[in-house]
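Hydrogens, waters and symmetry mates play no part in the numbers below; they use all other heavy atoms, side chains included. Counting starts at 1 for both ligands and their atoms, following the listed order. One is the number of the first residue; the rest follow in order along the sequence.
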Amino acid sequence: MQIKIARDYQEMSKLAADIIADFIKAKPSGVLGLATGSTPLGLYEELVERHQEGLDFSKVTTFNLDEYYGLHAEHPASYHYYMHEHLFKHLNVPKERINIPDGANTDAASECRSYEDKITAAGGIDLQILGIGTNGHIGFNEPGAPFGGTTSLVNLALATIEANSRFFDKPEDVPRQAISMGIKSIMNSRKIVLLANGESKADAIARAVEGPVTEGLPASVLQLHPDCTFILDQQAAKKLTHSRR
Ligand code: F6R
């Protein structure tokens with residue numbers, strides 16, 4: 001696992017955008033795995049700028065990590081909506097190459113199976129972008145999620161529901177479940193870049209990088225990935241031992 005520590009959020013976002021831009025230039029038809037949440041917003045702004053400067057996404061295929069279960073794509077708190085607003089409406093990724101789990105599919109099991117099938121049919125994910133929860137979750141694989149898990153309907157941890165309530169009018173509106181790529185689906189990606197900023201992530205980062213590899217801290221599994229880079233700001237890195245910084 002490689003650790004890069006950026007001066008601040010903006011530099012973290014630029015470093016991640018550099019990795020994606022280099023990847024797309026080298027493999028224009030590459031498959032990108034994408035995350036939502038606050039962390040990648042700066043990265044997505046950077047990618048929009050780079051597209052305006054000529055970076056071509058017309059052959060790229062994307063897969064998002066997750067979607068709330070029970071929300072329609074048009075719901076303003078859905079990850080479909082988020083991705084459209086922050087990224088896809090500004091880029092030239094063809095609609096048919098954009099993949100996000102359908103949280104409105106009442107047959108969750110078939111949605112999960114077909115999502116995995118689509119990833120396989122696309123040749124697997126080349127470059128997966130991740131954020132991390134304060135409890136160490138990746139995607140919506142909460143502590144205790146099996147390392148062998150593929151895309152499935154998952155229950156959100158209370159900490160996640162509370163953290164995400166900022167995007168909803170009322171706490172009772174926050175979905176309790178999501179469809180998420182599993183740890184195994186994530187680990188199958190050829191390259192992984194995890195982004196984290198802010199002090200609230202420092203504990204989870206220190207445990208993910210330096211703690212034991214355990215299902216109790218899902219991100220710790222990334223220690224076993226052959227090509228994984230963490231890009232952190234100073235705050236998120238502050239609980240790493242000095243030799244790491
Ligand atoms: C989002 C996702 C989550 C977030 C994590 C951090 O698609 O899968 O794992 O990356 O909850 O969220 P933020 O960035 O809002 O702190």
Q: Note the single closest protein heavy atom to atom 15 (O) of ligand 1, along with its residue, its atom name and the distance in Å.
A: Ser38 N, 2.8 Å
Q) Which heavy atom of the protein is the closest neighbour of atom 6 (C) of ligand 1, given with residue, atom name and distance? A) Ile132 O, 3.3 Å
(Q) Only heavy atoms of Gly37, strictly under 4.0 Å: list the atoms of ligand 1 that pass. (A) 14 (O), 15 (O)
Q. Which of the atoms of ligand 1 are close to Leu65, meaning less than 4.0 Å from one of its heavy atoms?
A. 8 (O)
Q) So with a 6.0 Å cut-off around CD of Glu199, is the heavy-atom count from everything else above 12? A) no
Q) To which protein heavy atom is atom 1 (C) of ligand 1 closest, and what is the distance rounded to 0.1 Å? A) Thr36 OG1, 3.1 Å
Q.
For Phe168 and Tyr68, I'd like to know if the aromatic rings sit close, meaning centre-to-centre distance below 6.0 Å.
A. yes
**Q.** Per-atom contacts, ligand 1 versus Thr39 - under 4.0 Å to a heavy atom
**A.** 13 (P), 14 (O), 16 (O)
**Q.** Thr150 and Glu116 side chains, donor-acceptor separation under 3.5 Å
**A.** no
Please report, to 0.1 Å, the donor-acceptor pairs under 3.5 Å made by any side chain of residues 85-93, with sequence neighbours excluded.
{"unit_1": "Glu85", "atom_1": "OE1", "unit_2": "Lys89", "atom_2": "NZ", "d": "2.9"}
{"unit_1": "His90", "atom_1": "NE2", "unit_2": "Glu85", "atom_2": "O", "d": "2.9"}
{"unit_1": "Asn92", "atom_1": "OD1", "unit_2": "Phe57", "atom_2": "N", "d": "2.9"}
{"unit_1": "Asn92", "atom_1": "ND2", "unit_2": "Asp56", "atom_2": "OD1", "d": "2.7"}

N/O donor to acceptor pairs below 3.5 angstrom from side-chain atoms of residues 213-220, sequence neighbours left out:
{"unit_1": "Thr214", "atom_1": "OG1", "unit_2": "Gly216", "atom_2": "N", "d": "2.9"}
{"unit_1": "Glu215", "atom_1": "OE2", "unit_2": "Phe147", "atom_2": "N", "d": "2.9"}
{"unit_1": "Ser220", "atom_1": "OG", "unit_2": "Thr214", "atom_2": "N", "d": "2.9"}
{"unit_1": "Ser220", "atom_1": "OG", "unit_2": "Thr214", "atom_2": "O", "d": "3.1"}
{"unit_1": "Ser220", "atom_1": "OG", "unit_2": "Leu217", "atom_2": "O", "d": "2.7"}

Q: Write out the residue and atom name of the closest protein heavy atom to atom 11 (O) of ligand 1, then the distance separating them to 0.1 Å.
A: His137 NE2, 2.7 Å
Q) Got Leu156 and Arg176 here, is their nearest side-chain heavy-atom distance under 4.5 Å? A) no
Q.
Using a 4.0 Å cutoff against the non-hydrogen atoms of Lys201, which atoms of ligand 1 qualify?
A. 6 (C), 13 (P), 16 (O)
Q. With a cut-off of 4.0 Å, which atoms of ligand 1 are near a heavy atom of Gly131?
A. 10 (O)
Q. Just which atoms of ligand 1 are under 4.0 Å from any heavy atom in Arg166?
A. 15 (O)
Q. Quick one: which ligand 1 atoms are inside 4.0 Å of a heavy atom on Gly139?
A. 2 (C), 3 (C), 8 (O), 9 (O)
Q. Can you check whether Tyr82 and Phe167 have ring centres sitting under 6.0 Å from each other?
A. no
**Q.** Other residues, nucleotides, ligands: >12 heavy atoms within 6.0 Å of Lys59 NZ
**A.** no
Q.
Show me which atoms of ligand 1 lie under 4.0 Å from any heavy atom of Asp66.
A. 1 (C), 2 (C), 7 (O), 8 (O)
